[in-house]
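See below for the structure under consideration.
The model shown is predicted, which means the values in this text are computed figures rather than measured ones. Chain naming here is simple, since letters A, B, ... match the order of the sequence lines and numbering starts at 1 in each.
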Protein chains: 2
Amino acid sequence: MSAVTLSQVARQAGVSLATASRVLNGSDRRPAEEIAERVRLAAETLGYVANAQAQALARSTTGLVGLVVHDIADPYFSSIAKGVQRRARTHRHQLLLAATSGTDQLDAVSAFAAHRTDAIIMAGSRRESIDPRLLAELERYQRNGGRVVTIGQDWLEGAGAVTIDNRSAGSDLTGMLVEAGRTRFAFLGGPDDLTTAAERRAGFRAALTRAGLAAEVETVHGFDSEGGYESVRDLVARVGAEGLRGLTLVAANDVMALGAIAALRHAGLHVPEDLWVAGFDDIPNLRDFAPGLTTVRFPLEEIGETAADIALSGDAPRVEHVVGELVRRESA
Amino acid sequence: MSAVTLSQVARQAGVSLATASRVLNGSDRRPAEEIAERVRLAAETLGYVANAQAQALARSTTGLVGLVVHDIADPYFSSIAKGVQRRARTHRHQLLLAATSGTDQLDAVSAFAAHRTDAIIMAGSRRESIDPRLLAELERYQRNGGRVVTIGQDWLEGAGAVTIDNRSAGSDLTGMLVEAGRTRFAFLGGPDDLTTAAERRAGFRAALTRAGLAAEVETVHGFDSEGGYESVRDLVARVGAEGLRGLTLVAANDVMALGAIAALRHAGLHVPEDLWVAGFDDIPNLRDFAPGLTTVRFPLEEIGETAADIALSGDAPRVEHVVGELVRRESA
DNA sequence: TTGTACGCGTTATCAA
DNA sequence: TTGATAACGCGTACAA
């Protein structure tokens with residue numbers, strides 16, 4: 001990656017390095033227009049492209065934001081990423097993306113720290129037991145002046161956050177379904193080690209208890225479409241396909257719900273004729289899905305935007321709380 | 001972003017900067033183990049994190065790859081991104097992501113060039129008329145030693161590419177449907193300015209011509225779910241819902257097909273009872289969709305992986321060609 | 001093997 | 001306003 005340097009431009013324009021810097025890469029001091037024009041011309045003809053690395057070193061700020069997600073191909077995360085990306089752009093920052101499916105979040109954060117990103121946004125679902133080394137790394141990052149924003153829960157001291165009210169979402173959704181006359185429930189859950197999954201399940205249980213009910217079954221599988229699919233196979237194995245009739249399946253998120261509905265279909269059961277299914281998130285591609293999925297909407301892109309704003313604004317890091325909105329469709 | 005520097009570590013360990021550098025950030029020269037241990041200890045207690053910017057400046061290589069996509073929330077692009085991300089990781093590179101929905105690709109490439117990414121992967125669909133400034137920027141980037149890989153078409157001289165055989169896909173798919181006895185066709189297309197959309201349409205037409213048939217209608221709308229939805233509304237407005245019965249709708253990609261099916265449902269038409277629909281790509285979330293969508297599969301994650309391999313391997317840039325695989329499901 | 005010193009490309013301070 | 005020049009943090013010939 002050789003390239004034209006600023007001093008080459010300066011020489012060509014017959015000015016000093018400092019002057020060239022001032023006209024090409026903003027400064028408060030404004031060189032004379034005639035000089036400026038000469039520099040711009042030289043830069044243009046030479047094909048000068050400022051070296052962001054060198055600028056970062058000199059300015060001690062990189063114009064980089066790091067985003068760590070669990071799986072960028074999951075619509076939940078890609079929607080958030082889209083929001084983050086958009087705002088990063090308006091804040092004139094570039095997006096460094098790390099996916100951690102199967103991998104350590106620690107590696108991603110270390111890499112971001114090494115690259116001196118101005119901020120790190122953690123969108124990967126927090127796990128109940130946080131790796132202490134990850135915590136230490138993030139704290140050191142903050143001490144060095146880096147900003148951190150967590151999405152989902154507010155689990156890092158001194159960091160900003162966009163918290164998602166999963167517990168209320170779980171209990172509101174379930175409460176609504178109880179009021180709609182449903183009495184038999186099952187929960188298709190992700191690993192409870194995942195806070196998001198655990199909180200939604202807790203809300204679900206609370207609502208049932210309040211109504212004097214109890215879940216007939218609860219499963220624990222992957223937090224993705226595959227997990228939803230397996231959950232249903234699990235259920236079928238336990239109580240048989242016929243045993244599922246009349247049941248209301250609350251899945252820990254939309255992709256699980258879609259996977260579940262697919263599995264039900266393969267088992268010869270139809271939603272909402274034979275049983276009901278609901279999810280969480282209201283991911284974008286739901287619109288094209290039939291039956292329409294009853295869910296709790298979280299404005300994912302907006303959440304990403306807010307996280308980026310908190311990360312990149314000069315203000316003190318704040319915590320923004322997001323509550324879900326019940327979306328009743330045909331599936332439940 | 002203040003942080004512990006290498007010289008602080010060196011001083012603490014009582015060694016020279018050079019020695020510290022050698023033990024902490026790989027080198028062929030191997031300091032004595034006793035010394036090395038002292039340096040490592042100092043680094044550990046001080047909380048040293050190498051400054052990637054400074055290293056980049058000194059090594060003149062950044063360990064960054066740039067990926068430009070059109071819309072990261074689109075499953076087509078997010079699948080590719082997942083593949084690129086995975087391989088970037090194995091090549092020990094960080095991923096710089098830019099989305100260009102509504103925006104200029106030129107901005108993204110310029111930013112990547114400024115950040116001296118070792119390579120740039122262009123996944124955004126090429127437009128028929130390429131902005132000459134974009135071309136110039138990419139060519140300069142290549143002259144400076146940057147590697148470029150395009151996905152879709154091979155449109156940049158000297159660059160690597162993963163080409164996608166859209167034309168054959170269009171004609172093979174259509175040919176298969178003709179053989180299945182379909183005689184009445186419509187194409188739900190994206191703007192022909194998009195090469196991908198145009199090529200698929202061309203293949204579609206060629207197959208029909210070969211069979212002595214012709215499309216009854218062709219539409220031009222957005223290359224996304226919304227566009228598919230509107231295409232159907234468009235069709236309904238032209239020929240009425242009843243007029244669509246018996247038609248086979250070939251959409252320019254899967255998300256358009258899904259949008260179309262949703263619109264058909266809203267118009268009271270059912271697939272595959274009343275008419276048929278097919279798409280392209282075989283995006284991952286299709287599995288949960290009913291009816292199963294007939295499509296042409298392109299291994300998106302794998303395409304992303306290949307692109308990253310070409311970009312990051314030391315070998316001369318090569319062009320890899322990908323042909324689709326027909327996937328017959330219930331929808332057509 | 002270890003250390004010295006220069007270069008990487010910019011910004012910013014301080015004189016002129 | 002313009003121009004030297006010292007950082008910025010690190011890698012690496014070169015010398016010791």
Side-chain angles (χ1 to χ4, degrees), chain A residues 1-40 42-43 46-64 113-118 144-146, chain B residues 1-40 42-43 46-64 113-118 144-146:
Chain A
M1 285 272 33
S2 74
V4 178
T5 72
L6 188 56
S7 54
Q8 292 178 38
V9 174
R11 192 181 321 136
Q12 165 96 357
V15 300
S16 78
L17 216 172
T19 303
S21 170
R22 289 194 262 261
V23 19
L24 291 180
N25 314 314
S27 157
D28 40 350
R29 311 215 82 50
R30 301 210 144 288
E33 188 48 44
E34 185 223 355
I35 296 274
E37 195 47 52
R38 235 168 48 214
V39 174
R40 277 192 221 100
L46 257 42
Y48 171 72
V49 178
N51 184 329
Q53 317 287 330
Q55 291 184 318
L57 205 53
R59 293 204 259 246
S60 77
T61 168
T62 57
L64 254 32
H115 280 278
R116 300 294 191 267
T117 57
D118 294 332
N144 289 341
Chain B
M1 287 272 31
S2 74
V4 177
T5 72
L6 189 56
S7 55
Q8 291 179 37
V9 173
R11 193 180 322 137
Q12 166 96 358
V15 300
S16 79
L17 216 169
T19 303
S21 169
R22 291 195 261 260
V23 19
L24 291 181
N25 314 315
S27 159
D28 40 349
R29 310 217 81 53
R30 301 210 145 288
E33 187 50 42
E34 184 222 355
I35 296 273
E37 195 46 52
R38 238 170 46 213
V39 174
R40 275 191 223 101
L46 257 41
Y48 171 72
V49 178
N51 185 330
Q53 316 288 330
Q55 291 183 318
L57 208 52
R59 291 184 179 137
S60 77
T61 168
T62 58
L64 256 29
H115 281 276
R116 301 294 191 267
T117 57
D118 295 332
N144 289 340

note: B:Tyr48, atom OH; D:dC10, atom P; distance rounded to Å ~ 4 Å

In whole angstroms, the gap separating P of D:dA7 from CG of A:Leu57 amounts to 14 Å

Distance col, row B:Leu17:CG vs B:Thr5:OG1, nearest 0.5 angstrom, shows 7.5 Å

Open item on the list: Taking only side-chain N and O atoms of B:Asn25, does any of them lie within less than 4.0 angstrom of OP1 or OP2 on D:dG11?
Closed with: yes

Residues B:Ala42 and B:Ala13: closest non-hydrogen pair is CB-CB, 3.9 Å

Residue set satisfying side-chain contact (heavy atoms from CB on, under 4.5 Å) with A:Ala56, at least two apart, ordered chain then number -> A:Thr62, B:Gln53

Among C:dG3, D:dC10, C:dG9, the one nearest any side-chain atom of B:Leu17 is D:dC10

A:Gln53 CD to D:dC10 C1', in whole Å, measures 13 Å

Residues in residues 7-14 of chain B with a heavy atom under 4.0 Å of DNA chain D, by number, are none

Heavy-atom side-chain contact between B:Val23 and B:Ile35 under 4.5 Å: no

Taking C:dT11, D:dT2, C:dC8 as options, the one with an atom nearest any side-chain atom of B:Ala58 is C:dC8

Can a side chain N or O of B:Ser16 be found less than 4.0 Å away from OP1 or OP2 on C:dT2? no

*Under 4.0 Å: is that the gap between some side-chain N or O of B:Thr5 and OP1 or OP2 of D:dG9?*
no

Whole-Å distance, B:Arg59 CZ to D:dC10 C1', equals 9 Å

What one should report as the nearest heavy-atom pair of B:Ala3 and A:Arg116 is CB-NH2, 3.8 Å

Review point. Does C:dG3 have OP1 or OP2 sitting under 4.0 Å from an N or O in the side chain of B:Thr19?
Key: yes

A:Gln55 atom CD is separated from C:dT11 atom P, nearest whole Å, by 5 Å

Across all chains, not counting sequence neighbours, the side-chain contact (heavy atoms from CB on, under 4.5 Å) partners of A:Arg11 are none

